[in-house]
Colleague: 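Please find one structure pasted underneath; my questions will follow.
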Amino acid sequence: MVTTVFIVDDHPLVLHALENLIAGAPGYSVVGSALDGRSALTMIRQEPPDVAVIDLNMPGFSGLDVAVELGKEALATRCVLLTAGASQGQLYDAVMAGIAGIVLKEAPVGTLLNCIRLVAGGGHWLPAEIVGEALEVEASRRIKWQKLSQRLTRREMEIAVLAASDKPGGQIAFEIGISNGTLKIHMNNIYRKLQVSSRAQFAQLAAGQIGLKAPHRASDSAAVFAKPLAARNADDEGRAEPPALHDRHGLGARG
């Protein structure tokens, strides 16, 4: 049975290399490609492939945005994200959005083919060395924010929102009509309630958190995804692709 694959990457050279790699492997058919997320979403909706291989860090409509939209529409297409480097927040959001696979662009070429094969068969390719720490650390951070931010008053939360957007203190004070001295009092109260001691620590804790719903527990996420998948991926890595595939193609450009 042939596995149909759609490819998305905003670098033309990388996109071409991916097309050649996947189309040249037995059992795969590249049914389409796109250089941006919005075009990809439109094309995938029209003719859903078995697997969509998507660059994570595309400008505008990112790979994660594409995957989230596809997930909302309950299409049968399973998504694999390619990344040259993802933050812990991005990795956490990807797993929670139901991404079936994540592959680093620096990985051996055969890794992507192994991933596609596993994902097309209903499995997940989420190696513990890539997502394990992100699930633990990021979920812990979000749980801490959800718990401690409930201590803030409405006024303090208003200031926290502005501070999280990296606005300078003087601008925050002006926008909400208070003096710089009063703002400092509010900020000190915010730091105390959130158990941080500086604006840098506050920014690290609050980044991307304001307005979020309560996250999944870190322990549950790590148990479900990281450990079982590490074992399955180790087994799958043992079935290497033919050496010719490694010699003919490269994914040198980073996205």
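Given the structure is predicted, the values throughout are model-derived calculations rather than measurements. No hydrogens, no waters, no symmetry mates; every other heavy atom, side chains included, goes into these values. Position 1 is the first residue of the sequence; numbering continues from there.
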Colleague: Would you mind reporting whether Val80 and Ile54 have side-chain heavy atoms less than 4.5 Å apart?
Modeller: no

Colleague: Is there side-chain contact between Ile130 and Leu126, with at least one heavy-atom pair below 4.5 Å?
Modeller: no

Colleague: Does Tyr191 offer a backbone N or O that forms a donor-acceptor pair with the side chain of Gln195 under 3.5 Å?
Modeller: no

Colleague: Is there a donor-acceptor contact under 3.5 Å from the side chain of Glu158 to the main chain of Arg154?
Modeller: no

Colleague: By the salt bridge (Lys or Arg N to Asp or Glu O under 4.0 Å) test, which pairs, at least two apart or in different chains, include something from residues 58-75?
Modeller: Arg45-Glu73, Glu69-Lys72

Colleague: Which atoms form the tightest heavy-atom contact between Glu156 and Asn189, and what is the distance?
Modeller: OE2-CB, 3.5 Å

Colleague: Which residues pass the side chain to side chain contact (heavy atoms under 4.5 Å, CB included) test with Ala163, sequence neighbours left out?
Modeller: Ile172, Met187, Arg199, Phe202

Colleague: Go through Phe6 and Thr77 one step at a time and tell me if the side chain to side chain contact (heavy atoms under 4.5 Å, CB included) criterion holds.
Modeller: CA-CA 9 Å; Phe6 192 97; Thr77 299; over 6 Å; no

Colleague: Looking at every non-hydrogen atom in both residues, tell me the closest pair between Arg141 and Leu205 and how far apart they are.
Modeller: NH1-O, 2.9 Å

Colleague: If I take atom CG from residue Asn20 and atom CG from residue Leu18, how far apart are they, to the nearest 0.5 angstrom?
Modeller: 9.0 Å

Colleague: With rounding to the nearest 0.5 angstrom, report the OG1 to CZ distance, Thr153 to Arg155.
Modeller: 9.0 Å

Colleague: Evaluate side chain to side chain contact (heavy atoms under 4.5 Å, CB included) for Thr4 paired with Val51, printing each intermediate quantity in order.
Modeller: CA-CA 6 Å; Thr4 56; Val51 178; over 6 Å; no

Colleague: For the CG atom of Leu118 and the CG atom of Leu113, what is their distance to the nearest 0.5 Å?
Modeller: 12.5 Å

Colleague: Taking only residues two or more places apart in sequence, or in another chain, which ones meet Lys167 in a salt bridge (charged side-chain N to carboxylate O under 4.0 Å, His left out)?
Modeller: Glu175

Colleague: Would you name the heavy atoms of Leu183 and Gly169 that are closest together and state the gap between them?
Modeller: CD2-O, 3.0 Å

Colleague: What's the separation between atom CD1 in Ile22 and atom OG in Ser33, rounded to the nearest 0.5 Å?
Modeller: 10.5 Å

Colleague: Tell me whether Met157 is reachable from Ile185 by hopping between hydrophobic residues (I, L, V, M, F, W, Y) whose side-chain heavy atoms are closer than 4.5 Å.
Modeller: no

Colleague: Mark yes or no for whether Ser165, through its side chain, and Leu162, through its backbone, hold a donor-acceptor pair below 3.5 Å.
Modeller: yes

Colleague: For the atom pair CE (Met58) and CG (Asp9), what is the distance rounded to the nearest 0.5 Å?
Modeller: 7.5 Å

Colleague: For Ala107, is there any backbone N or O sitting under 3.5 Å from a side-chain donor or acceptor partner on Thr111?
Modeller: no

Colleague: Tyr28, Val109: one ILVMFWY side-chain cluster at the under-4.5 Å cut-off?
Modeller: yes

Colleague: Would you name the heavy atoms of Lys105 and Val14 that are closest together and state the gap between them?
Modeller: NZ-CG1, 4.4 Å

Colleague: Could you check whether any side-chain N or O of Arg78 sits under 3.5 Å from a backbone N or O of Ala100, counting only pairs where one atom can act as donor and the other as acceptor?
Modeller: no

Colleague: Just by distance, no angles: are the side chains of Thr182 and Ser179 close enough, under 3.5 Å, to form a donor-acceptor pair?
Modeller: yes

Colleague: Please report the shortest heavy-atom distance between Ile178 and His186, naming the atom on each side.
Modeller: CD1-CD2, 4.0 Å

Colleague: What about Val31 and Val8, same hydrophobic cluster or not, with Ile/Leu/Val/Met/Phe/Trp/Tyr joined at side-chain heavy-atom distances under 4.5 Å?
Modeller: no

Colleague: Can you establish whether the number of heavy atoms outside Gln201 located under 6.0 Å from its atom CD is more than 12?
Modeller: yes

Colleague: Do Val30 and Val2 share a hydrophobic cluster (ILVMFWY, side-chain heavy atoms under 4.5 Å, transitive)?
Modeller: no

Colleague: Decide yes or no for Leu15 and Glu19: does some side-chain heavy atom of the first lie under 4.5 Å from some side-chain heavy atom of the second?
Modeller: yes

Colleague: Would you please test Ser29 and Thr3 for side chain to side chain contact (heavy atoms under 4.5 Å, CB included) and show each step?
Modeller: CA-CA 6 Å; Ser29 174; Thr3 297; over 6 Å; no

Colleague: Hey, could you give me the OG1/CD distance between Thr83 and Gln90, rounded to the nearest 0.5 Å?
Modeller: 6.5 Å

Colleague: Do the side chains of Leu148 and Val161 join up, straight or via other hydrophobic residues, at under 4.5 Å, putting them in one cluster?
Modeller: yes

Colleague: May I ask you to test the Leu56-Leu82 pair for a side-chain heavy-atom distance under 4.5 Å?
Modeller: no

Colleague: Apply side chain to side chain contact (heavy atoms under 4.5 Å, CB included) to the pair Ile102 and Trp125, showing each step before the final yes or no.
Modeller: CA-CA 6 Å; Ile102 298 175; Trp125 187 281; 6.0 Å; no

Colleague: If you take all heavy atoms of Asp10 and Pro59, which pair is closest and at what distance?
Modeller: OD2-CD, 3.3 Å

Colleague: I'd like to know if the side chain of Arg38 reaches the main chain of Val66, judged simply by a donor and an acceptor atom lying under 3.5 Å from each other, with no hydrogens or angles considered.
Modeller: no

